[in-house]
Amino acid sequence: PVTKKYENILVELPKPGVGLITLNRPRALNALSTALFVELNDALQNFDNDDSTNAIVLTGSEKAFAAGADIKEMKDLSFSKAYNTNFIASWSSTIPNIRKPIIAAVNGHALGGGCELALMADILYCSSSATFGQPEIKLGIIPGAGGSQRLTALIGKSRAMELILTGKNFSGIEAGQWGVAARVFDSAEDCVQGALETAGKIAGMSKISVRAAKEVVNKSQDTSLREGLDYERKVFHGLFGSQDQKIGMSAFIEKKKPGWSNE
Ligand code: CAA
């Protein structure tokens, strides 16, 4: 079942087509231990494989989305152990392969790996009082799960350098102003509700076009414009081979609601 019991996360189906994963290690402010990440990957994979789910919301608590990688787990790590075990490889083993949209609803601290995890989502919502940051420099390390790459791509080199070199935080309001967050909410509750509403809207679309849309937008993140445009055109053409294209366009012309076949 998609909603099985885990130690460090809660998994629910709050509305049709929508999966909700809540990071739930309150005593460690949702620090992202390996054990937590293994569970998160399992839950994401289950939702991705589940025919009745079409979008996934990922959230934490009001106090912390996640306060980073687990410092207690990393403290005694050696270079050879980190290298030989490919430490934190689990962070990138599953999330990049999830084909359904993931919406992060970020409240409280999203620091270090917590900020990086939020940046891995397809859509990021936050509350104005959320605090983001890459404080790794204060621990004698650097971001290790995409902070120097994804954050820089989003907010530009100068701002990213300032944050990553000093470890200072930025607020949910700044996240909205800088384009890190698609929407900023007044409260944690509104943020989670907003994410669930958007996920519900997405869940009402054809699964095929939702997958294709996520795929082509992601393509833009690591390819040239020319290649990305060619890729988009091919996927666009391909959708004329789906039943849902006929269903969607006929419904528009007949002024009806489309009843997707997902085929
Ligand atoms: N790892 C492990 N435990 C953590 C943690 C983390 N990242 N963040 C918080 N905790 C634990 C604390 O150790 C504390 O546990 P104890 O009660 O056993 O002491 C508990 O959570 C509550 O934390 P605080 O008492 O510190 O709570 P606070 O409200 O005073 O402060 C905070 C909150 C500002 C978020 C502070 O906890 C903090 O600075 N945390 C660390 C943030 C950080 O440096 N993150 C980056 C980690 S490195 C990384 O993520 C690498 C990477 O790129 C992949």
Side-chain angles (χ1 to χ4, degrees), residues 6-10 21-41 44 58-96 98 102 104-121 124 126-155 157 159-175 180-181 187-188 191:
Y6 294 96
E7 298 262 308
N8 301 292
I9 60 173
L10 302 170
I21 302 177
T22 306
L23 305 176
N24 186 34
R25 251 193 107 193
R27 269 167 297 174
L29 300 180
N30 293 335
L32 301 164
S33 59
T34 302
L36 183 151
F37 233 98
V38 167
E39 292 183 356
L40 175 60
N41 285 342
L44 286 168
L58 174 63
T59 194
S61 68
E62 189 166 347
K63 180 143 200 250
F65 177 74
D70 191 321
I71 299 169
K72 290 169 187 163
E73 188 180 322
M74 288 184 292
K75 183 183 148 287
D76 296 321
L77 197 64
S78 62
F79 164 75
S80 58
K81 183 134 191 252
Y83 188 67
N84 286 331
T85 61
N86 201 2
F87 178 63
I88 75 168
S90 58
W91 292 43
S92 50
S93 64
T94 301
I95 295 179
I98 297 297
I102 302 173
V106 179
N107 298 300
H109 303 288
L111 301 177
C115 183
E116 292 168 307
L117 173 62
L119 295 176
M120 289 180 207
L124 194 162
C126 67
S127 53
S128 52
S129 60
T131 47
F132 294 84
Q134 298 292 159
E136 288 89 345
I137 198 92
K138 296 186 198 165
L139 300 168
I141 56 166
I142 61 165
S148 67
Q149 308 299 303
R150 288 195 184 92
L151 189 62
T152 307
L154 274 171
I155 69 175
K157 188 183 95 166
R159 271 186 189 137
M161 281 285 190
E162 185 189 28
L163 293 169
I164 290 168
L165 291 171
T166 67
K168 80 179 181 123
N169 292 342
F170 60 103
S171 68
I173 293 171
E174 284 167 314
V180 171
S187 71
C191 175

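One-based numbering along the sequence shown. Remember, it's 1-based here, ligands and their atoms both numbered in the order they're listed.
At distances below 3.5 Å, at least one donor-acceptor pair connects side-chain atoms of Glu174 with backbone N or O atoms of Ser171. Between the side chain of Gln134 and the backbone N or O of Leu163 there is no donor-acceptor pair closer than 3.5 Å. Here the side chain of Glu116 pairs no donor or acceptor atom with the backbone of Pro143 at under 3.5 angstrom. For the pair Asp70 (side chain) and Ala31 (backbone), a donor-acceptor distance under 3.5 Å is absent. Counting only distance, with no hydrogens or angles, the side chain of Asn24 and the backbone of Asn8 share no donor-acceptor pair below 3.5 Å.
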Write 'none' if nothing qualifies; otherwise put on separate lines each N/O atom of ligand 1 with a protein N/O atom under 3.5 Å away and their distance to 0.1 Å.
unit_1, atom_1, unit_2, atom_2, d
ligand 1, 1 (N), Ala69, O, 3.4
ligand 1, 1 (N), Ile71, N, 2.8
ligand 1, 7 (N), Ala67, O, 3.0
ligand 1, 7 (N), Ala69, O, 2.9
ligand 1, 13 (O), Lys72, NZ, 3.3
ligand 1, 15 (O), Lys72, NZ, 3.4
ligand 1, 18 (O), Lys72, NZ, 3.0
ligand 1, 21 (O), Arg27, O, 3.3
ligand 1, 29 (O), Lys63, NZ, 3.0
ligand 1, 45 (N), Ala67, O, 3.0
ligand 1, 50 (O), Ala69, N, 2.9
ligand 1, 50 (O), Gly113, N, 2.8
ligand 1, 53 (O), Glu116, OE1, 2.8
ligand 1, 53 (O), Glu136, OE2, 2.6
ligand 1, 53 (O), Gly144, N, 3.0

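Heavy atoms of other residues, nucleotides or ligands lying less than 6.0 angstrom from CD of Gln149 number 12 at most.
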